[in-house]
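Notes to accompany the following structure.
So you know, we letter chains A, B, ... as the sequences are listed, proteins then strands, and number each from 1. The figures that follow rest on heavy atoms only: side chains count, while hydrogens, waters and symmetry mates do not.
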Amino acid sequence: MTSAAFLRTIPAAVLLPEFSAAFDTTLPRAAVPDLALGLEGIELHFGGIRALKDVSLDLRAGEIRAVIGPNGAGKSSLVNVISGLYRPDRGRIVLNGRAFAHVPSQRLPQLGVARTFQNLALFPGLTVAQNIASGWVFRRRFGLLAHLAGLPAARRETRSVDDRVDQVAAFLGLSSHLDRPVATLPYGLQKQVELARALVAEPRLLLLDEPMAGLTATEKAEMTGHIRAVRESLGLAVILIEHDIGVVMDLSDRVAVLDHGSKIADGTPAEVRRDPDVIRAYLGAEAA
Amino acid sequence: MSVTAATIRPVIPAQTIAILILLALAFIAVPHLASPYVIEAILLPFLALSLAGLGLNLLTGYAGQVSLGSAAFMAVGAFAAYNFNLRLGLPLPVTLVLAATTAAAVGLVFGLPSLRLRGFYLAVSTLAAQFFVQWALTKFGWFSNNSPSGVIAAPSLAFAGLSFDTREGRYLLSLSIVTLVTFLVHRLVNGPEGVNLIAVRDNETSARVIGIPVLRTKLWAFALSSAIIGLAGVLWAFTYLRTVEPAGFNLDRSFQILFIAIIGGLATIRGAFLGAALIVVFPLLLARLSGFFFDGSIDAGVVKLVERIVLGTVIIAFLIAEPNGLSAMLDRATRRLRSLFGRS
Amino acid sequence: MDWYAFLFAVEVAVGGLLSGVMYALVAIGFVLIYKTSGVLNFAQGSMVLFAALTFVSLVEHGVPFAGALLLTLAAMTALGFAIERTVLRPLANRSPMTLFMATLGLAYVIEGAAQLIWGTQVHRLDLGISNAPFEVGGIFISTFDLVAAGIAAAMVAILTAFFRFTRTGLSFRAVADDTFAAMAVGLRLNRIQAAVWTAAGAVALVAGLLWGARLGVQFSLSLIVLKALPVLVLGGFDSILGAIVAGLIIGASEKLAEVYLGPFVGGGIEGWFAYAVALVVLLVRPSGLFGKKLVERF
């Protein structure tokens, strides 16, 4: 299935069900026309260590924004702040036109945010299909008792989830693996299952924490294709944490560079590549 | 493809047919053929413990929350049923539902720490249920209608003109309840809530971030598990022993139920039945064997100690050699049989 | 509150603190094993029973005190190595919960074996410590409890020194901090594990003697594990200091509650009160008072 075909299978209302409702609060929509994410002066401490120092970042709808930096630069901390797993000590996060001091992680999907993890965070006890379907759980209207009683409407809901899972799986080429226990899949495919689980939630913002880590060259090419297709067909904004500079420069519209918790550069791939600070702090090691 | 097992195969799978045959035998043939000894000493405790094992498996096997206080919820179920019957004189099914609900409510309260605590900290905190419930039932005479040392006796079991007080009647009542609950649990774990349970067990952080209601899922697991274990307590008290005291629901009983779940196979439904069968039959077998080989020269106390040692060894052996329990062994055996028949 | 009532309250509290030390004594055995292998060893209680039963049976068979002590220590060492070989090694790299369940099985085996070997009757154990209370400023303190507390304190000092200053002790800590790194630099994990279980066996012996002298040596001795568990969760599974502080807190509050709260609810609350105290504290601090707080990485 092509990406365009995938897009057509999902009605717009389903794709962005809370779209109009989401933009009703605090920030007037006109002020930030297509802001998918805003970070303002984020500070994060672990004991005495400052993991993030006054980091600000903005992300426009439909933009792929890479965050790069050496190990320990604070990239994953940034993703964890955006997804509410860490509580920043200062600063605020603007999501969906609403500002948060601390993003409520359990309401992340309702805010239109989905993420993947640096080290896989799938559910090994479930099949591929169940893992993907788990990304849609937050939309379910029927609870435990309805399912126990076997209500027709609850069954219909389950069937429609199955259909969605089928679509996403087809989109990412996972259809033939759906009934396998996810733990039996090769690593590269598990990475894609995680992407599928994020996509089935129909997010507006996708956080990808090192999606290429541990992949072979072929798998990387495939994953790059998927990310691009996702952005083009679904118009998602993507935060991409990645070590592979080739992938980053190829995929992203803008690149932010972190070093020791501070943002030292921000701009298009070409600009960042030229930035002397970046070359010194990060690319320098590879260029030498 | 499908998330639910039921929609995969439109034809009735062989496993379902096997279960239906098994049920037909259990409901029709067993009451006529089984000796009183088999029903009283094997089948009735087997059914009650299977149900308890099933309840704990929901919590520990599927949702990944280890509980060391199962016997407390058995006790709550038994004493609740006793009191609902004694004080309100409600029909049997209503009494059963209320007893299960009471056990669920108590389970919910003792499940609250699971929202903050994990792993060993949670496991130890479930011991609080064990000791508190046993203490309360012994201390406050009201629960046992002021009988000495809190002993309660089973009331007459009758409903809609049917009496279940005979040996066969108690067996059929027990079997019906176990069958119904097992069916519901099967539906639960194979539906979307089953996905939630396993997701919470396998990776809590990831479950939370994708919007699975982690806290609600944990509390549901505690409540449902306690309700089922509570029903098992009713069966234990009303259909098997007929008189019980709080001391009968001690820590050893809790461990026994945990062992059933482990030996049978965590996160499987039939594991509870296989584990319970082993736990019930094994001591009887051991006593028979020692009687046979040593002709009663071995003291019953010694046999009990040997039983403890062997049981402990069996647990360790299973954890080392077959962590997925009897259920996985059965799987392998049927596969081997099938390939054997497939070839011939 | 008048003066005598106050003195009585102090006396109750002091008695509680001293029995708290006894709880801590059992809890330390758990901490040793948890620190180096991440296992909550439920069999610690049965090890206490095994040690006490072995010792008292040897003495009853005419073995002199020191000889019985040495022989029991040897038996505990053998037990430690046997457990490492037959349980821990085959279960290496399995989840902590699996190991915990294995120690449940182990508890059954050790309890059964101890009683099968030495019999199930109750043994009286006399360590020659006077049980007569003495008076300090109007309050009575049990000599035995004070001596027991002294022995416990000495043992904690020895253990601390051992971890700090000896090569073996330092390697214990290395294993606790980073198992893989410890293996990479050539520490022999199996030997260390066996040694830790032996050390826990020695702690069990001391606890078994003191508790055995108090309660008599019998099956119920293994149930003191249930007294140690709330102490452990309160103090944090990996902290010796935590075990002591939590032991004191639980010992004192339990005795005070028994005297002042017990009468209102019919008494007998010592079975669960410690758990209630531990739970309340845990709701505020989920890894105990002194337990290592893990920073989660995603």
Side-chain angles (χ1 to χ4, degrees), chain A residues 80 83-85 105-111 113-117 120-140 142-150 154-155 157-159 161-162 165-166 169 174-179 182-183 194 197-198 200-201 207, chain B residues 1-9 58 60-64 104 115 180-225 227-228 265-268 324:
Chain A
N80 289 333
S83 50
L85 295 178
S105 61
Q106 71 283 4
R107 301 216 329 109
L108 208 56
Q110 281 90 343
L111 291 167
V113 183
R115 68 166 287 179
T116 65
F117 290 80
L120 284 173
L122 290 166
F123 309 118
L126 297 173
T127 64
V128 171
Q130 288 172 319
N131 264 285
I132 300 176
S134 69
W136 205 83
V137 164
F138 77 102
R139 284 191 203 277
R140 277 188 184 276
F142 292 97
L144 179 103
L145 294 175
H147 285 290
L148 271 189
R155 289 184 187 200
E157 185 182 64
T158 301
R159 270 199 300 278
V161 176
D162 290 353
V165 170
D166 280 343
L174 290 166
S175 296
S176 54
H177 307 294
L178 281 172
D179 287 328
V182 78
E194 214 187 1
R197 182 179 70 185
V200 84
L207 310 174
Chain B
M1 101 88 229
S2 169
V3 178
T4 51
T7 49
I8 303 178
R9 311 176 196 94
L58 196 61
T60 302
Y62 287 95
L115 304 184
L180 177 70
V181 174
T182 306
F183 172 72
L184 288 175
V185 170
H186 169 79
R187 179 168 252 184
L188 174 91
V189 298
N190 287 297
E193 294 290 334
V195 169
N196 292 3
L197 290 175
I198 292 177
V200 168
R201 176 195 73 188
D202 282 356
N203 195 327
E204 202 178 312
T205 307
S206 157
R208 189 178 51 184
V209 166
I210 64 172
I212 288 176
V214 173
L215 302 186
R216 204 174 69 200
T217 301
K218 278 186 184 176
L219 289 181
W220 263 122
F222 266 97
L224 288 177
S225 153
I228 296 169
L266 289 168
T268 62
N324 296 321

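Qualifying salt bridge (charged side-chain N to carboxylate O under 4.0 Å, His left out) partners for A:E157, counting only residues two or more places apart in sequence or in other chains: A:R140. Checked against salt bridge (charged side-chain N to carboxylate O under 4.0 Å, His left out), B:E193 has no partners two or more places apart in sequence or in another chain. Scanning for side chain to side chain donor-acceptor pair (under 3.5 Å) contacts around B:R201 gives an empty result, with sequence neighbours left out.
The minimum heavy-atom distance linking A:F123 with B:N203 is given by the pair CE2-O, 3.5 Å. The two residues A:L148 and B:R187 come nearest to each other via the heavy atoms O-NH1, 3.0 Å.
Scanning residues 210-217 of chain B against chain A with a 4.5 Å non-hydrogen threshold yields B:I210, B:G211, B:I212, B:P213, sorted by number.
Heavy-atom distances place no part of A:A146 under 4.5 Å from chain B, backbone and side chain included. Heavy atoms of A:R197 lying under 4.5 Å from chain B belong exclusively to its side chain. Heavy atoms closer than 4.5 Å to chain B are found in the backbone of A:L122, but not in its side chain. Using a 4.5 Å cut-off between heavy atoms, B:A267 makes no contact with chain A at all.
Atom-to-atom distance recorded for B:D202:CG and A:N131:CG is 8.5 Å, nearest 0.5 angstrom.
Of all the listed residues (A:G135, A:P124, A:A154), the one sharing the greatest number of non-hydrogen pairs under 4.5 Å with chain B is A:P124.
No side-chain heavy atom of B:S206 sits less than 4.5 Å from a side-chain heavy atom of A:E194. Side chains of B:N196 and A:L144 form no contact here, defined as non-hydrogen atoms less than 4.5 Å apart.
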